[in-house]
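The figures that follow rest on heavy atoms only: side chains count, while hydrogens, waters and symmetry mates do not.
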Amino acid sequence: GVVASIPVGARPYALAVTPDATGSEVWVPNHDAASVSIIDTATNTVTRTLPVAPNPHWVAFSPDGRFAYTANHESNLITVLDVATKTVVGQVRVGRSPHSVAVSPTDPLVANVNYDGHSVSIIDTRTDTVTTTIEHVGAHPQALAWAPDGRHLYTANANDGILVSSSGCLVLGNYLGTDSTGGVALANSGHGIEVQVLSLVHARDEALILLRRQERTVHDDVVDSSLA
């Protein structure tokens with residue numbers, strides 16, 4: 001059951017837990033307050049509120065937990081925050097309406113989807129600059145995830161389904177269309193990468209795709225799609 005109710009800022013969006021051993025903090029982007037609330041998980045209280053660029057949708061942490069990145073939808077900016085000092089240490093201008101952000105598990109890269117730009121920006125975290133923009137990933141990309149080995153990046157497009165890009169930033173293929181795609185999550189099944197499409201509209205739109213990393217084809221009963 002519910003063990004706590006914690007007041008935060010106006011219109012809280014996609015939150016994240018710090019990757020330390022105890023998950024000591026939860027960071028909550030407050031869309032309408034242009035801020036991030038930091039919750040101490042030991043006491044379930046907000047200990048700090050950090051100002052960021054207007055309309056933060058999403059927050060993600062670097063694997064070492066040193067930095068946090070917020071995607072600020074109406075500002076066309078990614079805010080970089082130092083987790084230890086709780087300060088803004090950088091801002092990166094990206095495409096139109098950055099909706100979500102994901103940190104590479106293997107390389108010093110952060111990717112974000114630009115909802116109204118129909119694109120993905122790739123940021124080098126060593127310089128906090130955009131090094132590559134992947135255009136035409138699909139209509140209104142709103143969520144993304146890296147494969148565990150960092151070789152591929154998956155975007156969930158609200159009107160065009162899932163698209164797969166390589167870490168070299170070339171579009172490989174558009175696998176599946178749904179009425180409205182809500183998010184994407186990856187897991188290593190032992191037989192490749194499982195990609196789960198989560199529909200916001202109908203349960204019937206849920207689909208599971210298995211990607212053969214080497215052959216880059218849709219696996220088993222899903223219709224084969226060549227990405228050559």
Side-chain angles (χ1 to χ4, degrees), residues 3-115 117 120-133 142-146 148 150 153 167 183 185-186:
V3 296
S5 180
I6 307 168
V8 291
R11 202 178 173 195
Y13 247 77
L15 74 175
V17 180
T18 52
D20 55 294
T22 61
S24 59
E25 295 175 343
V26 174
W27 288 40
V28 185
N30 302 306
H31 182 276
D32 290 354
S35 66
V36 174
S37 297
I38 300 176
I39 298 170
D40 183 333
T41 58
T43 61
N44 289 328
T45 57
V46 174
T47 57
R48 295 281 295 273
T49 300
L50 309 180
V52 295
N55 307 114
H57 265 201
W58 209 279
V59 64
F61 292 99
S62 60
D64 61 8
R66 293 179 57 206
F67 298 101
Y69 301 86
T70 64
N72 308 305
H73 196 265
E74 271 67 63
S75 304
N76 301 335
L77 292 170
I78 303 299
T79 298
V80 186
L81 301 112
D82 186 301
V83 173
T85 63
K86 308 292 191 289
T87 56
V88 173
V89 294
Q91 292 197 123
V92 185
R93 185 159 296 279
V94 292
R96 290 175 55 204
S97 310
H99 195 90
S100 60
V101 62
V103 183
S104 168
T106 57
D107 299 298
L109 300 173
V110 167
N112 73 273
V113 288
N114 302 304
Y115 184 85
V120 171
S121 299
I122 306 292
I123 298 167
D124 184 333
T125 60
R126 296 166 298 187
T127 59
D128 286 339
T129 57
V130 173
T131 59
T132 304
T133 299
Q142 60 182 9
L144 76 168
W146 293 89
L153 181 67
S167 57
L186 300 184

Asks: What are the two closest heavy atoms between Pro19 and Ser62, and how far apart are they?
Replies: CG-O, 3.8 Å
Asks: Search all heavy atoms of Ala34 against all heavy atoms of Pro54 and return the closest pair with its distance.
Replies: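 In terms of heavy atoms, the two residues are closest at CB-CA, 3.7 Å.
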Asks: Which distance, rounded to the nearest 0.5 Å, do you find between the OG1 of Thr87 and the CG of Asp82?
Replies: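 CG of Asp82 is found 5.0 Å from OG1 of Thr87.
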Asks: Pro98 and side-chain contact (heavy atoms from CB on, under 4.5 Å): which single residue from Asn55, Asn76, Thr70 fits?
Replies: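 Among Asn55, Asn76, Thr70, the one that satisfies the side-chain contact (heavy atoms from CB on, under 4.5 Å) with Pro98 is Asn76.
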Asks: What's the separation between atom CD1 in Ile123 and atom CZ in Arg93, rounded to the nearest 0.5 Å?
Replies: 12.0 Å
Asks: Could Lys86 and Glu25 be called an ion pair, given the rule that one side-chain N must be under 4.0 Å from one carboxylate O?
Replies: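 Yes, Lys86 and Glu25 are salt-bridged.
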Asks: Test of understanding: with side-chain contact (heavy atoms from CB on, under 4.5 Å), list the residues that count as partners of Thr127, not counting sequence neighbours.
Replies: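 Asp124, Thr129.
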Asks: For Thr18, check side-chain hydrogen bond (donor to acceptor under 3.5 Å, both in side chains) against everything at least two apart and list the hits.
Replies: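 Counting only residues at least two positions away or on another chain, Thr18 forms a side-chain hydrogen bond (donor to acceptor under 3.5 Å, both in side chains) with Asp20.
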Asks: Please give me the minimum heavy-atom distance between Trp146 and Ala102, naming the atom from each residue.
Replies: NE1-O, 3.2 Å
Asks: Less than 4.5 Å apart, any side-chain heavy atom of Val101 and any of Val103?
Replies: no
Asks: To the nearest 0.5 Å, what is the distance between OG on Ser24 and CD1 on Ile39?
Replies: 12.0 Å
Asks: Report the residues that fulfil side-chain hydrogen bond (donor to acceptor under 3.5 Å, both in side chains) with Thr43, sequence neighbours left out, ordered by chain and then residue number.
Replies: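 Thr43: side-chain hydrogen bond (donor to acceptor under 3.5 Å, both in side chains) contacts with Thr45.
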Asks: Considering residues at least two apart in sequence or located in another chain, which fulfil the side-chain contact (heavy atoms from CB on, under 4.5 Å) criterion with Ala68?
Replies: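 Applying side-chain contact (heavy atoms from CB on, under 4.5 Å) to Ala68 gives Trp27, Val59, Phe61, Leu81, Val83.
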Asks: Enter the distance from His31:NE2 to Glu74:CD here, rounded to the nearest 0.5 Å.
Replies: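 So the NE2 of His31 and the CD of Glu74 are separated by 4.5 Å.
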Asks: Is there a side-chain contact between Pro7 and Val46, using heavy atoms and a 4.5 Å cut-off?
Replies: no
Asks: Taking the side chain as C-beta and beyond, is there a heavy-atom pair between Val89 and Phe67 under 4.5 Å?
Replies: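 Val89 reaches Phe67 side chain to side chain.
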Asks: Asn30: which residues meet the side-chain hydrogen bond (donor to acceptor under 3.5 Å, both in side chains) condition with it, sequence neighbours left out?
Replies: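 Asn30 satisfies side-chain hydrogen bond (donor to acceptor under 3.5 Å, both in side chains) with Ser35, Ser37 only.
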Asks: Which heavy atom of Val88 sits nearest to which heavy atom of Pro51, and what is that distance?
Replies: CG2-O, 3.5 Å
Asks: Name all residues meeting the side-chain contact (heavy atoms from CB on, under 4.5 Å) criterion together with Val17; count only those two or more places apart in sequence or in a different chain, and write none if there are none.
Replies: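 Partners of Val17 under the side-chain contact (heavy atoms from CB on, under 4.5 Å) test: Val26.
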Asks: Just to verify, which of Asp40, Asn44, Val28 counts as forming a side-chain contact (heavy atoms from CB on, under 4.5 Å) with Ile6?
Replies: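 For Ile6, the side-chain contact (heavy atoms from CB on, under 4.5 Å) check succeeds only for Asn44.
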Asks: Testing the basics here: between Gln142 and Val113, what is the closest heavy-atom pair and its distance to 0.1 Å?
Replies: C-CG2, 3.7 Å
Asks: Measure the CG-OG1 distance between Leu50 and Thr79 for me, rounded to the nearest 0.5 Å.
Replies: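 Rounded to the nearest 0.5 Å, the CG-OG1 separation comes to 10.5 Å.
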Asks: Which label fits His57 and His99: parallel for a plane angle under 30°, tilted from 30 to 60°, or perpendicular past 60°?
Replies: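 Rings of His57 and His99: perpendicular, over 60°.
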Asks: Could you pull out the closest heavy-atom pair between Pro63 and Pro105, with the gap in Å?
Replies: CG-CA, 4.5 Å
Asks: So, taking the atom named OG1 in Thr125 and the one named CD1 in Ile78, what distance separates them when rounded to the nearest 0.5 Å?
Replies: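 So the OG1 of Thr125 and the CD1 of Ile78 are separated by 13.0 Å.
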Asks: State, with a plain yes or no, whether a side-chain heavy atom of Ser97 is found less than 4.5 Å away from one of Asn114.
Replies: no
